[in-house]
Novice: 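Sharing a structure here in structure tokens format.
For the numbers below, each heavy atom of this structure counts, side chains included, while hydrogens, waters and symmetry mates do not. Sequence positions, counted from 1, serve as the residue numbers for this chain.
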Amino acid sequence: MTAMHLSSNQDKVTNVREASIRAELTDRQWSFLQQARELGKEKIGPAAWQVDHEARYPHEAIQSLRAAGLLGIAVPEEAGGHGAGFGGDALLLPLLLMELAAWCSSASQVFTLHNTGVQLVHALGDAEQRAFFFDRVVMHGELFASFGSEAGADRFKLGSGLAAVDGGYRLSGTKIFATGSTGAKWAIWRSVRTDVEGSQEDRFAMPIVDLTAEGVTVTDDWDGIGQRGTGSGTVHADQVLVPSGRVIGGEGAYGLVHSFFNTQFHIHFAAQYVGIAAGALREALDYVKEKTRTWTAGLKVTEDPAILIRIGEMDAKLEAARQLVLHAARLLQAAQSAPELYASAALAASQAKVIATSASLEITSDVFQLMGARAATRKYGFDRYFRNARTLTLHDPVDKQREALGKSALFSE
């Protein structure tokens, strides 16, 4: 895997906007962000239209991340990774997700779920499990997925069953919205033990399933209007053998890290909403400078108040959302060593998600008013930003976050 070049304190940024971002970050964070941007410009962005148009897995993006050694971003440094996320730098992942989503949000979503899987191994795996799976990620470039959703009427009830047998366990069940399944080697498969008594929480189990194993069927039947390249289809397990060393955590183990992962979930999705909006605005500004005609006689399009006012409004919304994401991520970072801050981090994550949702939906729509009618033709593909934003922002209803914020504002002392 390619070694990461870290910038020095002597790096100079002359662009006023870039300078403000640079001032917020460590040398290491800035270097990773620049690497992701380079990949976006050269590899990920150029293939994004085709990924959307053909509704196919973002092979170019994932291969570029693999070649750059970024699939191991959440693997601890002592295991050959870069130490982002759980137990490490909680700000680094949302930084990268904002950048990646600006170029291809199907790729950023696959990357998000991969890193969720890696972090769960870090948080819940034993020493042998961590050594094995970190090696598969860092040295072999294998991807994780993380499956939770099922098709039952009760979204909170798990139907996937795991039972002990000689040599391990047998798993049966079906997962929907199985993001990344078409390109992943491993999947965290949330399930319940069917051979023990107790509540669902008592019987909760997290086997790590080899998606190429006998009895696993991956069906790429995702047909969304957006996020078309995420491979978020259906995966079925029929009496799949899970070796005994491939179940992570024990009874009650996930509850000990739930606050971290639940908060991070919202931060990471909010980060991608910001990235989608940033990508839409970036392309819109290029279009305005090259193709848009002025609405005010005698003025260049770049001097037209009707254009400048809209750009300014979108720019302010985008930066507000970005700052809320970064604020939430910093609180999550602090909470790892001061657990009493998890409630504050969760509150900040809800605020970030609410504002990022609105900003993403508004900006990806409003750019058309900025660019003009010709931009709405199919050949440009600008509509993919709105379709992606509309689809991804449906993940976990944002009204639940608004409700939580309302209760906090009313009843906190």
Novice: Just wondering, more than 12 heavy atoms not from His59 lying within 6.0 Å of its NE2?
Specialist: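 Yes.
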Novice: Is the ring pair Tyr342/Phe260 parallel, tilted or perpendicular, if the boundaries are 30 and 60 degrees?
Specialist: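 Tyr342 vs Phe260 ring planes: perpendicular.
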Novice: Short question: side chain of Arg282, backbone of Ala102 - any donor-acceptor pair under 3.5 Å?
Specialist: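 Judged by distance alone, yes, a pair lies under 3.5 Å.
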Novice: When you look at CD of Glu18, are more than 12 heavy atoms from neighbouring residues, nucleotides or ligands closer to it than 6.0 Å?
Specialist: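 Result for CD/Glu18: enclosed.
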Novice: Scan for side-chain hydrogen bond (donor to acceptor under 3.5 Å, both in side chains) pairs involving residues 254-268, sequence neighbours excluded, and state none if there are none.
Specialist: Gln119-Gln264, His266-Lys353
Novice: Within this structure, what is the OG-CE distance for the pair Ser365 and Met314, rounded to the nearest 0.5 Å?
Specialist: 10.0 Å
Novice: So that I can tick it off, tell me whether Glu60 and Arg56 are bridged by a salt bridge, with the cut-off set at under 4.0 angstrom between side-chain N and carboxylate O.
Specialist: yes
Novice: Are Leu308 and Arg310 close enough that some pair of their side-chain heavy atoms sits under 4.5 Å apart?
Specialist: no
Novice: Kindly determine whether Thr212 and Val216 satisfy side-chain contact (heavy atoms from CB on, under 4.5 Å), including the steps that lead there.
Specialist: CA-CA 7 Å; Thr212 65; Val216 176; over 6 Å; no
Novice: Compare every heavy atom of Ile267 with every heavy atom of Ala349, then report the nearest pair and how far apart it is.
Specialist: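 Scanning both residues completely, I find the closest heavy atoms to be CB-CG1, 3.7 Å.
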Novice: Check step by step if side-chain contact (heavy atoms from CB on, under 4.5 Å) holds for Thr116 and Ile188.
Specialist: CA-CA 9 Å; Thr116 297; Ile188 308 287; over 6 Å; no
Novice: Measuring from atom CG of Asn388 to atom OG of Ser105, what distance do you get when rounded to the nearest 0.5 angstrom?
Specialist: 3.5 Å
Novice: A quick test of your reading: do over 12 heavy atoms of other residues, nucleotides or ligands sit less than 6.0 Å from CD of Glu128?
Specialist: no
Novice: Distance-only, no hydrogens or angles: does the Ser106 side chain make a donor-acceptor pair with backbone N or O of Gly229 under 3.5 Å?
Specialist: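 Yes; at least one donor-acceptor contact below 3.5 Å.
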Novice: Between Gln369 (side chain) and Asp366 (backbone), is there a donor-acceptor pair under 3.5 Å?
Specialist: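 Between the backbone of Asp366 and the side chain of Gln369 there is no qualifying donor-acceptor contact (under 3.5 Å).
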Novice: Could you give the distance from OH (Tyr385) to OG1 (Thr364), rounded to the nearest 0.5 Å?
Specialist: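 Going from the OH atom of Tyr385 to the OG1 atom of Thr364 covers 11.0 Å.
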Novice: Can you give me the closest heavy-atom contact between Leu91 and Ala329, atom names plus distance?
Specialist: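 That would be CD1-CB, 3.6 Å.
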Novice: Quick one: is the NZ or CZ of Arg246 closer than 6.0 Å to the six-membered ring centre of Trp186, and within 45° of its axis?
Specialist: no
Novice: Counting only heavy atoms not in Lys291 (residues, nucleotides, ligands), do more than 12 fall under 6.0 Å from its NZ?
Specialist: yes
Novice: Whether Arg322 and Glu319 form a salt bridge (side-chain N of Lys/Arg under 4.0 Å from carboxylate O of Asp/Glu) is what I want to check.
Specialist: yes
Novice: Contact between Phe134 and Val118 at the side-chain level, heavy atoms closer than 4.5 Å - yes or no?
Specialist: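 Yes, their side chains come closer than 4.5 Å.
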Novice: Quick one: are the ring centres of Phe269 and Phe265 less than 6.0 Å apart?
Specialist: yes
Novice: Can you confirm whether more than 12 heavy atoms, excluding those of Lys43, are under 6.0 Å from its NZ atom?
Specialist: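 No, not enclosed.
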Novice: Check step by step if side-chain contact (heavy atoms from CB on, under 4.5 Å) holds for Ile208 and Val247.
Specialist: CA-CA 6 Å; Ile208 301 177; Val247 177; over 6 Å; no
Novice: Could you check Ser199 against Asp202 for side chain to side chain donor-acceptor pair (under 3.5 Å), going step by step and ending with a plain yes or no?
Specialist: CA-CA 5 Å; Ser199 67; Asp202 294 336; 3.1 Å; yes
Novice: Donor-acceptor pair, Arg170 side chain versus Val240 backbone, under 3.5 Å?
Specialist: no
Novice: Are Arg130 and Asp135 close enough for a salt bridge, meaning some N to O gap below 4.0 Å?
Specialist: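 No, Arg130 and Asp135 are not salt-bridged.
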Novice: Is any side-chain heavy atom of Ile307 closer than 4.5 Å to one of Leu370?
Specialist: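 A side-chain contact exists here, since the closest heavy-atom pair is under 4.5 Å.
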Novice: Find out whether Thr112 and Leu100 are in side-chain contact, i.e. whether some heavy atom of one side chain is under 4.5 Å from a heavy atom of the other.
Specialist: no
Novice: Hey, does the side chain of Gln129 reach the backbone of His122 with a donor-acceptor pair shorter than 3.5 angstrom?
Specialist: no
Novice: Check whether Ser358 reaches the backbone of Ile355 with its side chain - one donor and one acceptor, N or O, closer than 3.5 Å.
Specialist: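 No.
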Novice: Which heavy-atom pair separates Thr179 from Phe147 by the least distance, and what is that distance?
Specialist: O-CE2, 4.1 Å
Novice: Could you tell me which residues satisfy salt bridge (Lys or Arg N to Asp or Glu O under 4.0 Å) with Glu403, sequence neighbours excluded, listed by chain and number?
Specialist: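 Salt bridge (Lys or Arg N to Asp or Glu O under 4.0 Å) check on Glu403 returns Lys400, Lys407.
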Novice: Check for me whether the distance between the ring centres of Phe386 and Phe368 falls short of 6.0 Å.
Specialist: no
Novice: Checking Ser360 side chain against Ala356 main chain: does a donor-acceptor pair fall under 3.5 Å?
Specialist: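 No, the answer is negative, given that no donor and acceptor are paired below the 3.5 Å cut-off.
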Novice: Are any side-chain N or O atoms of Gln272 and backbone N or O atoms of Gln109, one a donor and one an acceptor, separated by less than 3.5 Å?
Specialist: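 Looks like yes, one N/O pair under 3.5 Å.
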Novice: Has Arg384 got a side-chain atom pairing as donor or acceptor with Gly381's backbone, closer than 3.5 angstrom?
Specialist: yes
Novice: Decide side chain to side chain donor-acceptor pair (under 3.5 Å) for Gln63 and Arg66; before the verdict, give the C-alpha distance in whole Å, the side-chain angles of both, and the deciding distance to 0.1 Å.
Specialist: CA-CA 5 Å; Gln63 181 53 36; Arg66 179 181 288 115; 2.9 Å; yes
Novice: Rounded to the nearest 0.5 Å, what's the gap from CG on Leu347 to OG on Ser408? Could you check?
Specialist: 4.5 Å
Novice: Go through the steps to decide whether Val192 and Ser160 satisfy the test side-chain contact (heavy atoms from CB on, under 4.5 Å), and finish with yes or no.
Specialist: CA-CA 6 Å; Val192 291; Ser160 294; over 6 Å; no
Novice: Which residues pass the side-chain hydrogen bond (donor to acceptor under 3.5 Å, both in side chains) test with Thr234, not counting sequence neighbours?
Specialist: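 With sequence neighbours excluded, Thr234 shows a side-chain hydrogen bond (donor to acceptor under 3.5 Å, both in side chains) to Asp221, given in chain and number order.
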Novice: Taking the six-membered ring for Trp, are the ring centroids of Phe382 and Tyr287 within less than 6.0 Å of each other?
Specialist: yes
Novice: Would you give the length of the straight line joining atom OH of Tyr380 to atom CH2 of Trp49, rounded to the nearest 0.5 angstrom?
Specialist: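 Spacing of OH (Tyr380) from CH2 (Trp49) equals 13.5 Å.
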Novice: Enumerate the salt bridge (Lys or Arg N to Asp or Glu O under 4.0 Å) contacts for residues 175-186, please, sequence neighbours excluded, ordered by first and then second residue.
Specialist: Glu150-Lys175, Lys185-Asp210
Novice: Does any pair with a residue in residues 97-122 pass salt bridge (Lys or Arg N to Asp or Glu O under 4.0 Å), and if so which ones, sequence neighbours excluded?
Specialist: Arg37-Glu99
Novice: Taking CD in Glu54 as the centre, count heavy atoms belonging to other residues, nucleotides or ligands within less than 6.0 Å. Is the count above 12?
Specialist: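 Buried by this count: over 12 neighbours within 6.0 Å.
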Novice: Under the rule for side chain to side chain contact (heavy atoms under 4.5 Å, CB included), what residues qualify as partners of Ile73, not counting sequence neighbours?
Specialist: Phe32, Leu70, His82, Ala84, Leu92, Leu93, Leu96, Phe111, Asn115
Novice: Within a 6.0 Å radius of atom CD on Glu24, are there more than 12 heavy atoms belonging to other residues, nucleotides or ligands?
Specialist: yes
Novice: Would you give the length of the straight line joining atom CG of Leu71 to atom CZ of Arg136, rounded to the nearest 0.5 angstrom?
Specialist: 13.5 Å
Novice: Donor-acceptor check, side chain of Ser20 to backbone of Arg17, threshold 3.5 angstrom: yes or no?
Specialist: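 Yes, the answer is positive, given that a donor and an acceptor are paired below the 3.5 Å cut-off.
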Novice: Dump the intermediate steps for salt bridge (charged side-chain N to carboxylate O under 4.0 Å, His left out) on Arg28 and Glu77, then the final yes or no.
Specialist: CA-CA 13 Å; Arg28 193 166 185 272; Glu77 291 183 80; 3.6 Å; yes
Novice: Check this for me: does any side-chain nitrogen of one of Asp383 and Arg378 sit under 4.0 Å from a carboxylate oxygen of the other?
Specialist: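 Between Arg378 and Asp383 there is no salt bridge, as every charged N stays at least 4.0 Å from the carboxylate O atoms.
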Novice: Is there side-chain contact between Leu33 and Arg22, with at least one heavy-atom pair below 4.5 Å?
Specialist: no
